[in-house]
Amino acid sequence: MAVNPQAMKNLLKVYFIMGSTNCHQNPEKVLQAAIQGGVTLFQFREKGAGCLHGKEKESLAKKLQAICKESRIPFIVNDDIELALKINADGVHIGQDDETADTVRRKIGSKILGVSVHSMKEAETAIRQGADYLGIGPIYPTSTKADAKAVQGLSFLTELRSADIKIPIVGIGGITFENASPLIEAGADGVSVISAISQADSPEKAAEKLYDAVNKIMRNA
Ligand SMILES: Cc1ncsc1CCOP(=O)(O)O
Ligand SMILES: C=C1C=NC(C(F)(F)F)=NC1=N
Ligand SMILES: [Mg+2]
């Protein structure tokens, strides 16, 4: 699904990411609740110690994809391009240690392509090679990704927007409804979260609070 930059920005507002290792409750129930609370985009990220592989991974992906489809929430797959193509996901997210953006773009056609970048150079390459959005972080300290790079705060985001880079950008890493606003004020089009929603007592409430925090800033901007 080719998506124009404005539509991409709207999708990035509250970008929920989850895999089976990120939640104690049933992942399907957590996703259902998060969508009820107002998340605008979902990424299936089955990664890290104890994560599923092969048939089990594909089966969970299909279940979560079906839940997204019911609510017309686009379903993005992290890393696994083959899986994304096999189940006809709406897009993929890749990092610098995956295939290059232009190789992936050739494989996925007009599906959504997100790329994690940590430098101006990586950002420019991703943009040139057809990324639809950039993921930057970790913005704040996080324990969810064991090999996360140095915490960057708002500095890289500010650097990108000061360089007049206009591509849709989402921040990730340690984000909660309490610290989301400065990110939007600094020019992010949305916030991406794993544990703030997946490990909340009420994933629905957590999603709602994030949605309100992000929209409050955007309304006033
Ligand atoms: C996948 C990823 N990339 C940078 S930080 C991170 C983990 C974000 O998880 P949380 O929202 O729980 O801090
Ligand atoms: C490592 C990641 C960094 N950013 C993002 C996103 F928020 F989608 F941009 N997803 C990831 N899996
Ligand atoms: Mg990756």
Side-chain angles (χ1 to χ4, degrees), residues 3 8-9 11-24 27 30 34 39-49 51 57 61 68 73-84 89-101 103-104 107-108 111-119 122-123 126-127 131-154 156-157 160 167-180 183-184 188-200 203 206-207 209-210 213-214:
V3 52
M8 191 69 241
K9 291 184 176 193
L11 290 177
L12 290 176
K13 281 186 173 178
V14 182
Y15 188 176
F16 180 39
I17 299 182
M18 179 181 66
S20 63
T21 66
N22 302 120
C23 51
H24 318 307
V30 173
V39 300
T40 48
L41 187 60
F42 177 71
Q43 178 188 130
F44 177 59
R45 178 175 177 276
E46 192 59 22
K47 196 167 189 177
C51 72
K57 176 181 176 181
C68 286
I73 300 282
F75 182 83
I76 308 293
V77 174
N78 183 52
D79 286 353
D80 196 337
I81 313 303
E82 299 324 309
L83 175 62
D90 297 298
V92 298
H93 186 91
I94 57 172
Q96 297 298 316
D97 58 350
D98 296 298
E99 299 166 88
T100 58
T103 304
V104 175
K107 289 183 176 179
I108 68 171
K111 291 178 183 298
I112 294 169
L113 173 58
V115 183
S116 301
V117 295
H118 298 90
S119 70
E122 287 177 0
I127 292 166
D132 291 301
Y133 72 83
L134 303 181
I136 64 170
I139 305 299
Y140 306 111
T142 175
S143 54
T144 304
K145 179 180 166 80
D147 59 341
K149 293 191 183 292
V151 172
Q152 59 184 246
L154 303 179
F156 184 38
L157 172 61
L160 287 166
I167 189 172
I169 297 174
V170 65
I172 186 170
I175 298 173
T176 68
F177 77 93
E178 285 144 327
N179 63 25
L183 200 50
I184 305 299
D189 298 295
V191 297
S192 185
V193 305
I194 299 183
S195 54
I197 293 178
S198 71
Q199 290 171 24
K209 289 162 120 175
L210 272 160
V214 168

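Order of appearance sets the numbers: ligands from 1, and atoms from 1 within every ligand. Numbers here are sequence positions counted from 1.
Atoms of ligand 2 lying under 4.0 Å from at least one heavy atom of Y133, given by number and element, are 8 (F), 9 (F). Within the listing of ligand 2, atoms 12 (N) sit less than 4.0 angstrom from a heavy atom of N78. The contact set between ligand 1 and S195, taken as ligand atoms under 4.0 Å from a residue heavy atom, comprises 10 (P), 11 (O), 12 (O). Annotation for ligand 1: atoms under 4.0 Å from non-hydrogen atoms of T144 are 7 (C), 9 (O), 10 (P), 12 (O), 13 (O). Near R45, the atoms of ligand 2 lying under 4.0 angstrom from a non-hydrogen atom of the residue are 12 (N).
Screening V170, L157, L154 for a side chain to side chain contact (heavy atoms under 4.5 Å, CB included) with I136, the sole residue that qualifies is L157. Only one option out of I194, V30, V191 pairs with F16 in a side chain to side chain contact (heavy atoms under 4.5 Å, CB included); it is V30. With S116 as the partner, the side chain to side chain donor-acceptor pair (under 3.5 Å) test is satisfied by one option alone out of K149, H93, Q96, E122: H93. For the side chain to side chain donor-acceptor pair (under 3.5 Å) test with K47, the passing option among N22, D79, T21 is D79; the others fail.
Protein heavy atom closest to atom 12 (N) of ligand 2, with residue, atom name and distance, is Q43 OE1, 3.0 Å. The closest protein non-hydrogen atom to atom 6 (C) of ligand 1 is K145 CB, 3.8 Å. Looking only at heavy atoms of the protein, atom 11 (O) of ligand 1 is closest to I194 N, 2.9 Å. The nearest heavy-atom contact from the protein to atom 7 (F) of ligand 2 is S192 OG, 3.0 Å. The closest protein non-hydrogen atom to atom 2 (C) of ligand 2 is S116 OG, 3.4 Å. Nearest to atom 6 (C) of ligand 2 among the protein's heavy atoms is H93 CE1, 3.5 Å.
Counting only distance, with no hydrogens or angles, the side chain of Q152 and the backbone of G137 share a donor-acceptor pair below 3.5 Å. Proximity of a side-chain donor or acceptor of T40 to a complementary backbone N or O of V14 within less than 3.5 Å is detected.
By the 3.5 Å distance cut-off applied to N or O atoms, R45 is not counted among the residues near ligand 1. For ligand 1, the polar-atom distance check finds no N/O of V193 at less than 3.5 Å from any of the ligand's N/O atoms. Residue-to-ligand polar distances place G174 within reach of ligand 1: an N/O pair is separated by less than 3.5 Å. Taking distance alone, with nitrogen or oxygen atoms compared against 3.5 Å, S192 stays at or beyond that limit from ligand 1. Any N or O atom pair closer than 3.5 Å counts here, and T142 shares at least one such pair with ligand 1.
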Could you give me the CA-CA distance, side-chain angles and deciding distance for I81 and I94, then say whether side chain to side chain contact (heavy atoms under 4.5 Å, CB included) is met? CA-CA 9 Å; I81 313 303; I94 57 172; 3.8 Å; yes
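Of the charged side-chain nitrogens involved, none lies within less than 4.0 Å of a carboxylate oxygen, so that E178 and K209 do not count as a salt-bridged pair.
Residues A61 and F75 share a closest heavy-atom pair of O-CZ, 3.4 Å. Residues P168 and L12 share a closest heavy-atom pair of CB-CD1, 3.6 Å. The two residues A34 and A207 make their nearest non-hydrogen contact at O-CB, 3.5 Å.
Within the 4.5 Å cutoff, the side chain of M8 has heavy atoms near those of the I112 side chain. Between Y133 and D189, the closest side-chain pair of non-hydrogen atoms is not below 4.5 Å. Contact of the Q43 side chain with the L41 side chain is not registered, since no non-hydrogen atoms from C-beta on lie closer than 4.5 Å.
Residue-level proximity to ligand 2 for I17 is carried by the side chain, the only part with a heavy atom below 4.0 angstrom.
Take the Mg ion (ligand 3) and draw a sphere of radius 2.8 Å; the protein N/O/S atoms inside it number 2.
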